[in-house]
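Note sheet for the following structure.
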There are 2 protein chains.
Amino acid sequence: MGRRNDHSREEIRELALAATFEIVTEQGFHQLSVRKIASAIGYTVGSLYLIFKNLDDLILQANVRNLEIIYQILQQTEKKQKKPEQRLLAFAHAYLHFTIEQPYRWQMIFEHRMQNNEPVPEWFEPHVSRLFSLLEAPLAQLMADAEPEQVRQTARAMWCAVHGVSTLYMTEKLEVVGSESVQNLLDRLMGIFLEGVKTA
Amino acid sequence: MGRRNDHSREEIRELALAATFEIVTEQGFHQLSVRKIASAIGYTVGSLYLIFKNLDDLILQANVRNLEIIYQILQQTEKKQKKPEQRLLAFAHAYLHFTIEQPYRWQMIFEHRMQNNEPVPEWFEPHVSRLFSLLEAPLAQLMADAEPEQVRQTARAMWCAVHGVSTLYMTEKLEVVGSESVQNLLDRLMGIFLEGVKTA
DNA sequence: AAGTTGAATTATACACCGTTTAATAAAGCA
DNA sequence: TGCTTTATTAAACGGTGTATAATTCAACTT
């Protein structure tokens, strides 16, 4: 077969990314394969390699959208609270909630590894760091007379802590039964952390 | 070829686990394959499947040793300090140090995923939880009049936080330059956390 | 209208992967 | 000696990501 031109490059890109989300959401990230994506959109693998550099590239592009959606969720959840402490708590809860409710989409972001020890391209990182920069505003209110750089690093420390809970829960390395006790664990962690921030 | 009996089953097991460590340490966890292990010890893949249920089984058995070594490191580092706060800090530092210095061995533990969504067998989990139970003793000293269950959960919260730093650093999702600033981040995190524990 | 060009698309192949199976060679025993 | 048992391998199956050459067709040229 030759030129069909049923879809433009941009359309094929859309189809591929949509199919990727569908496969990952239904079967899990580690079940994703180039062949599955291709057959889902009615093209062969070769066509995908015309539009994406390789599978890593495709996944990263899908993850940009993935991160965008999480950003929206976190932002909106946080807005509902006024006190800075409550906003930070809402943030942590929303993040863990996403992890539990959309495990495969969480997987796609945090269990993806580059092949051949290739580094993650620089254009990707900002989409991640944008997430936890959400913490900086409420944290700044809590840390009255602190340098901006201090706030920034504290935000990252808090993000690490919350993400650690998600990670260990998802990888079944936490000896935790059910999602309820993870919630408790996160609450304790946040309680201690916020107490520490206010005291210091 | 048929029976050679150059090695007993137990000897082949040893050879395989040793070869696994060598391959992982030199090439990285994601470069590990059954065929590589087999050829490294001078046998074919079939022989490995006589001794291990599958690759997951082999990796888990290797990780038991891996975790044992980390446990020794953490234990000894911790012993050098007397004050409970210093012991907890030493623990966190040693853990991050291991992550940075032995990234591939860290990978083998925390980036291994079961195939086909199989659950991690129950006999494995204790080897992980044994690690962070090390935190409980010094934490108990710091939390004078707290229930043992409270101490236990606080230890896990702290473990989550420290592990979160390692994870995000290793996966290049932390926007951090060099290992020095990760150290700073961890110090800040621990400072805040310990302050929170003492205050609460 | 016919011919040429160039790009879209596919078919095919390569080198891997984990796992299973049947064939085979040798050790131990009668 | 021959027979049974078992360690070991070779080969195959169905999968993977990726590269390449062959096709087919739209659009442009003459």
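Numbers restart at 1 for each chain; the letters A, B, ... are given by sequence-line order, proteins then strands.
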Among [range], which contact DNA chain D at a heavy-atom distance under 4.0 Å?
range                       : result
residues 116-124 of chain B : none
residues 46-61 of chain B   : B:G46, B:S47, B:L50
residues 33-41 of chain A   : A:S33, A:V34, A:R35

[atom1] of [X] versus [atom2] of [N]: gap in Å, rounded?
X      : N      : atom1 : atom2 : result
B:H7   : D:dT9  : NE2   : P     : 11 Å
B:I12  : D:dT6  : CD1   : P     : 16 Å
B:Y43  : D:dT6  : OH    : C1'   : 13 Å
A:M114 : D:dT18 : CE    : P     : 11 Å
B:H30  : D:dT16 : NE2   : P     : 19 Å

Given [N], is OP1 or OP2 found less than 4.0 Å from the side-chain N or O atoms of [X]?
X      : N      : value
A:Q115 : D:dT16 : no
B:Q31  : C:dC16 : no
A:R9   : C:dA7  : no

*A:F110: what forms a ring pair (Phe, Tyr, Trp, His ring centres under 6.0 Å) with it, not counting sequence neighbours?*
A:W106, A:H163

*Are B:E111 and B:H30 close enough that a side-chain donor and a side-chain acceptor fall under 3.5 Å?*
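Yes, side-chain donor-acceptor contact under 3.5 Å.
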
*If we ignore angles and hydrogens, is there a donor and acceptor under 3.5 Å between the side chains of B:H127 and B:Y71?*
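No.
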
Show me the donor-acceptor pairs, under 3.5 Å and distance only, between side chains in residues 75-90 of chain A and residues at least two apart or in other chains.
| unit_1 | atom_1 | unit_2 | atom_2 | d |
| --- | --- | --- | --- | --- |
| A:T77 | OG1 | A:I73 | O | 2.6 |
| A:E85 | OE1 | A:K198 | NZ | 3.1 |

_Residue pair A:F98 / A:N66: nearest heavy atoms and the distance that separates them_ = CZ-OD1, 4.3 Å

*What are the two closest non-hydrogen atoms of A:R113 and A:D56, and how far apart are they?*
O-OD1, 3.8 Å

*Any cation-pi pair here, A:R156 with A:F132, using under 6.0 Å and within 45°?*
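Here A:R156 fails the 6.0 Å and 45° test against A:F132.
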
*Is it true that the NZ or CZ of B:R13 lies under 6.0 Å from the centre of B:F52's six-membered ring and within 45 degrees of the ring axis?*
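Geometry flag: not set, cation outside 6.0 Å or 45°.
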
*Look at the rings of A:F91 and A:Y95 and say which category their plane angle falls in: under 30° parallel, 30 to 60° tilted, over 60° perpendicular.*
parallel

Would you be so kind as to tabulate the donor-acceptor pairs closer than 3.5 Å made by side chains of residues 185-197 of chain B, with sequence neighbours excluded?
| unit_1 | atom_1 | unit_2 | atom_2 | d |
| --- | --- | --- | --- | --- |
| B:D187 | OD1 | B:H93 | NE2 | 2.6 |
| B:R188 | NE | A:Q153 | OE1 | 3.2 |
| B:R188 | NH1 | A:T154 | OG1 | 3.4 |

*Between A:H112 and A:M114, is a side-chain contact (heavy atoms from CB on, under 4.5 Å) present by the stated rule, with each step listed?*
CA-CA 7 Å; A:H112 166 59; A:M114 291 283 158; 3.9 Å; yes

*A:L32 or B:D6, whichever maps to the more 5' nucleotide of DNA chain D*: B:D6

